[in-house]
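Presented below is the structure to which this report refers.
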Amino acid sequence: MPRLRLLFVIAAAIVCLYAVATAGLYIAMVQPPERFGAIMSHVPMPAMMVLPFQPLWMSARDGVLHEGDMAPDFSLPTLDRSRTVTLSAEVRERPVVLVFGSYT
């Protein structure tokens, strides 16, 4: 009986450690990109193989916009910095397509 109890305590400790590590990873994921990168530089690769990285990432970075939603208005300088382009002004003049992606 003492062996069974010891196994139960060890299993419970492993489950608690996994839950704390998963929660910590999620908290890191909701940080700004610079902070997230700094935190992740200290996480060992075996931890990334064990923790549920992709589901947490999809939840943490889900955002509030969905396909078909109106894009929020924004202004950006042109590449040569000669003028500023505003989305709402461009939409009034011609159709606009926004393409977002990541090369990381």
Side-chain angles (χ1 to χ4, degrees):
M1 203 60 150
R3 233 183 235 172
L4 186 60
R5 183 172 179 181
L6 177 62
L7 287 176
F8 178 75
V9 169
I10 291 171
I14 290 171
V15 168
C16 287
L17 181 62
Y18 185 81
V20 168
T22 301
L25 181 60
Y26 184 80
I27 290 168
M29 286 180 173
V30 297
Q31 302 299 314
E34 299 82 22
R35 179 94 173 114
F36 173 67
I39 293 168
M40 293 309 291
S41 68
H42 299 292
V43 175
M45 187 53 72
M48 299 311 302
M49 291 185 256
V50 174
L51 296 174
F53 188 88
Q54 186 174 3
L56 290 176
W57 181 256
M58 298 306 282
S59 174
R61 297 293 183 186
D62 187 30
V64 294
L65 292 179
H66 300 287
E67 187 176 324
D69 288 352
M70 292 293 292
D73 197 20
F74 60 88
S75 297
L76 293 171
T78 58
L79 289 176
D80 63 0
R81 305 227 184 262
S82 63
R83 66 186 183 97
T84 300
V85 178
T86 302
L87 178 61
S88 58
E90 296 297 316
V91 168
R92 281 192 294 266
E93 294 178 23
R94 62 180 92 44
V96 176
V97 175
L98 301 175
V99 179
F100 297 94
S102 173
Y103 295 96
T104 59

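Here the structure is a predicted model, which means the values were calculated and not measured. Hydrogens, waters and symmetry mates play no part in the numbers below; they use all other heavy atoms, side chains included. We're numbering straight along the sequence, starting at 1.
Remark: L6 CG to I10 CD1 distance equals 4.0 Å, nearest 0.5 Å. The OG1 atom of T86 lies 6.5 Å from the CG atom of D73; values are rounded to the nearest 0.5 Å. Rounded to the nearest 0.5 Å, atoms CE (M29) and CE (M40) are 6.0 Å apart.
Both V43 and M49 belong to a common hydrophobic cluster when Ile, Leu, Val, Met, Phe, Trp and Tyr are linked at side-chain heavy-atom distances under 4.5 angstrom. Two different hydrophobic clusters hold V30 and I39 under the rule that ILVMFWY side chains link at heavy-atom gaps under 4.5 Å. No chain of hydrophobic side-chain contacts below 4.5 Å, direct or via other Ile, Leu, Val, Met, Phe, Trp or Tyr residues, connects I27 to F53. Taken together through direct or relayed side-chain contacts under 4.5 Å among Ile, Leu, Val, Met, Phe, Trp and Tyr, L56 and M45 form part of one hydrophobic cluster. F8 and L4 fall into different hydrophobic clusters, where Ile, Leu, Val, Met, Phe, Trp and Tyr are joined by side-chain heavy atoms under 4.5 Å apart, directly or via other members.
Here the side chains of L76 and V85 are not in contact, with every heavy-atom distance at 4.5 Å or above. Two residues are said to be in side-chain contact when any heavy atoms from C-beta on lie closer than 4.5 Å; L87 and S75 fail this criterion. The closest side-chain heavy-atom distance from V9 to L7 is not below 4.5 Å.
Annotation for Q54: atom CD does not count as buried by contact number, only 12 or fewer foreign heavy atoms lying within 6.0 Å. Around CZ of F74, the count of heavy atoms belonging to other residues, nucleotides or ligands within 6.0 Å exceeds 12.
Closest approach of S82 and D80 over heavy atoms only: OG-OD1, 2.8 Å. Nearest heavy-atom pair, H66 versus V64, reported as atom, atom and distance to 0.1 Å: CD2-O, 3.6 Å. Shown here for V50 and Y18, the closest heavy-atom pair between the two residues is O-OH, 3.4 Å. Between T22 and L51, the shortest heavy-atom contact is OG1-CD2, 3.6 Å. Taking each heavy atom of P33 and R61 in turn, the nearest pair found is N-NH2, 4.2 Å.
For S41 (side chain) and A38 (main-chain N/O), a donor-acceptor pair under 3.5 Å exists by modelled atom type.
The aromatic ring centroids of Y26 and W57 lie 6.0 Å or more from each other.
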